[in-house]
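Presented below is the structure to which this report refers.
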Amino acid sequence: MAGVVRNLFAPWRFVRSARSVQLSAIPTLNFHTTPLSMMGASVEQFNQAKDRLGTLKKDPGNEVKLKIYALFKQSTQGPCDTPKPSMLDFVNKAKWDAWKSLGSIAQEEARKQYCDLIDSLVAAEGGSTQLAAQPAASGAYETLLVTTEDDITTIKLNRPSKKNAITTEMYTEIINALDQAAKDDSVLTVITGAGDFYCSGNDLTNFTKIPEGGIQQMARDGGELLRKYVKAYIDFPKPLVAVVNGPAVGVSVTAMGLFDLVYATERATFHTPFSQLGQSPEGCSSYTFPKIMGTAKASEMLLFNRKLTAVQACQQGLVSEVFPDSSFQSEVWTRLRAYAKLPRNSLALSKQLIRAAERERLHAVNDAEVERLVERWLSDECMNAVMSFFQAKSKL
Ligand code: COA
């Protein structure tokens, strides 16, 4: 059987050339005509991924090629409903099995998985992906310092005088930086903070910038931005590490449930004062926190504003490891540089496997949390809390 499968997509141009996929493996699809079922936001990315497929130099092996084939068919034609080939028709039977194994996953999801798979293969070869042609990350951001070194892309929140509070501009920049890091050649991506804080959460001045459409418009726009922000973490395809260099508040804490590793200095604290602010949890924490630490402990944080020390957060599973403040940076970066030498493809694909089991659920949780928050932002409870914050400041 192995020998038969080895010849499955022979010649190797199945992967070397997107056009040969059309000619040999997928005869029913015309690449130059976008099927109606593919109209949507990710079609362009899908088409770019097809082009990148043609840049691969190495044969990724039959299993991966079958997966590519299956995802392509699911993306373009939906679930497999063609008759099962005969047992003796080994090649078509293997392809049919691969396609059928995707079950009823949506075409949009299949396109996403197709793009992720191609990107991880291109990255594994050290090749450049679609955003590589964009300007270098460093210097391209106002609120972040983004660097790539030793196969690690570091996104440093860079508003230390405001404790790295996240403005609307900064949300957008983090989304863009994550998008770029997902597609660059690095093995790991790190988020950390400049100065003595990791991050003080949502910048409360975001609530004071009222657009022409009024406060409702502000809440709707804020909700959409938050949804995209959290989505960027849910869909991030490589290992994502939080290097928590100091106290963390609000959304910077809740999003930690979506990281793969969280390293904290002993000086860090973890605080989600949502009810104090008349708000409600985000960052998928209404799902990830009870799962990570149990409902009773999660409720102390998410409902009753309990601030955890780094050691407590580690005991409850939110933090992977705590380091002495004096050696925090050197110990953590030594560790991360060693991790970044592990095989990038294996790391990325393993992370994607872990995430795939929950991805849809996380998106649903994100949607529900954003919907609730948009309501909360318009409530008297929230308005009064934000006003109190600024009144307290003005009395100082
Ligand atoms: N939004 C807007 N401004 C913020 C901020 C935030 N989330 N966090 C800090 N800042 C600003 C402060 O207003 C202050 O600005 P100023 O120098 O113009 O007065 C500056 O950052 C430094 O903060 P300061 O309060 O002086 O430092 P601190 O060490 O005494 O306290 C915090 C730090 C984070 C505990 C405190 O600023 C705070 O509670 N911020 C609000 C956190 C929050 O509620 N986030 C939203 C969670 S949902």
Side-chain angles (χ1 to χ4, degrees), residues 142-144 156-174 191-210 218-219 221-223 225-227 229-230 233 242 244-258 264-286 288-289 298-310 313 318 325 365-366 369-396:
E142 294 289 325
T143 64
L144 308 175
K156 186 180 273 189
L157 314 180
N158 193 31
R159 296 183 71 226
S161 65
K162 299 290 179 186
K163 310 296 181 191
N164 299 320
I166 309 178
T167 56
T168 50
E169 182 194 18
M170 194 163 172
Y171 278 110
T172 302
E173 290 198 347
I174 296 170
I191 297 192
T192 190
D196 60 343
F197 254 69
Y198 175 68
C199 175
S200 61
N202 189 29
D203 191 307
L204 297 173
T205 64
N206 292 340
F207 293 112
T208 61
K209 295 168 192 157
I210 312 291
M218 179 201 72
D221 292 350
L225 186 59
L226 179 65
R227 188 196 312 276
Y229 179 73
V230 175
Y233 288 88
V244 187
N245 56 299
V249 186
V251 68
S252 72
V253 177
T254 54
M256 281 176 199
L258 298 171
T265 163
E266 64 192 346
R267 207 172 48 75
T269 52
F270 299 80
H271 194 202
T272 51
F274 298 123
S275 62
Q276 247 165 28
L277 290 166
Q279 299 189 29
S280 52
E282 51 354 35
C284 293
S285 59
S286 61
T288 58
F289 277 29
S299 299
E300 278 194 312
M301 284 190 81
L302 297 177
L303 304 186
F304 302 110
N305 313 304
R306 173 149 189 227
K307 190 196 282 189
L308 300 188
T309 63
L318 183 62
D325 196 50
V365 171
N366 184 24
E369 288 178 345
V370 166
E371 197 178 325
R372 179 51 38 87
L373 254 181
V374 169
E375 291 164 19
R376 290 276 82 217
W377 286 334
L378 295 171
S379 71
D380 288 346
E381 288 176 343
C382 178
M383 292 296 165
N384 292 339
V386 173
M387 269 160 47
S388 303
F389 175 79
F390 290 109
Q391 273 163 7
K393 266 179 62 130
S394 65
K395 283 184 196 141
L396 292 175

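Every value quoted in this text rests on a predicted model; they were computed, and no experiment measured them. Just follow the structure's listing: the first ligand is 1, and inside any ligand the first atom is 1. Each residue takes its place number in the sequence, starting with 1.
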How far is atom 11 (C) of ligand 1 from its nearest protein heavy atom, and which residue and atom is that? Lys162 CD, 3.8 Å
Please check this pair: side chain of Glu369 against backbone of Ser286, looking for a donor-acceptor N/O pair closer than 3.5 Å. yes
Would you mind telling me which of Glu381, Glu282, Glu371 makes a side-chain hydrogen bond (donor to acceptor under 3.5 Å, both in side chains) with Arg376? Glu381
Close-contact set for ligand 1 against Ala165 heavy atoms, below 4.0 Å: 1 (N), 5 (C), 6 (C), 7 (N)
Taking the minimum heavy-atom distance to atom 4 (C) of ligand 1, which of Phe389, Phe390, Phe207, Phe197 ranks first? Phe389
Got the closest protein heavy atom to atom 48 (S) of ligand 1, with its distance? Leu277 CD1, 3.5 Å
Ranked by distance from atom 2 (C) of ligand 1, the top protein heavy atom is Asp203 OD1, 3.2 Å
Looking at side-chain heavy atoms only, is the closest gap between Asn164 and Tyr198 below 4.5 Å? no
Establish whether atom 36 (C) of ligand 1 and some protein heavy atom are separated by less than 4.0 angstrom. no
On a heavy-atom basis, I'd like to know which of Gly250, Gly201, Ser200 is closest to atom 43 (C) of ligand 1. Ser200
among protein heavy atoms, the one nearest atom 22 (C) of ligand 1 is Ser161 O, 3.6 Å
Just let me know how Asn202 lines up against ligand 1, side chain, backbone, both or neither, with a heavy-atom cut-off below 4.0 Å. backbone
Knowing that exactly one of Lys209, Lys162, Arg159 qualifies, which makes a salt bridge (charged side-chain N to carboxylate O under 4.0 Å, His left out) with Asp203? Arg159
Hey, is atom 26 (O) of ligand 1 under 4.0 Å from any protein heavy atom? no
Tell me if a side-chain donor or acceptor on Asn245 pairs with a main-chain N or O of Gly193 at a distance below 3.5 Å. yes
How far is atom 1 (N) of ligand 1 from its nearest protein heavy atom, and which residue and atom is that? Leu204 N, 2.8 Å
State whether Arg372 and Glu375 are salt-bridged, where the test is any N-O pair (Lys NZ or Arg NE/NH1/NH2 against Asp/Glu carboxylate O) under 4.0 Å. yes
Heavy-atom side-chain proximity of Ile191 to Tyr233 below 4.5 angstrom: yes
If we ignore angles and hydrogens, is there a donor and acceptor under 3.5 Å between the side chains of Glu173 and Thr143? yes
Tell me, which protein residue and heavy-atom name are nearest atom 14 (C) of ligand 1, and how many Å apart are they? Lys393 NZ, 4.0 Å
Which residue owns the protein heavy atom closest to atom 28 (P) of ligand 1, what's the atom, and how far is it? Lys163 CE, 4.1 Å
Just so I know, are the side chains of Phe289 and Val253 near enough to count as touching, which here means a heavy-atom distance under 4.5 Å? yes
Heavy-atom protein contact below 4.0 Å for atom 30 (O) of ligand 1: no
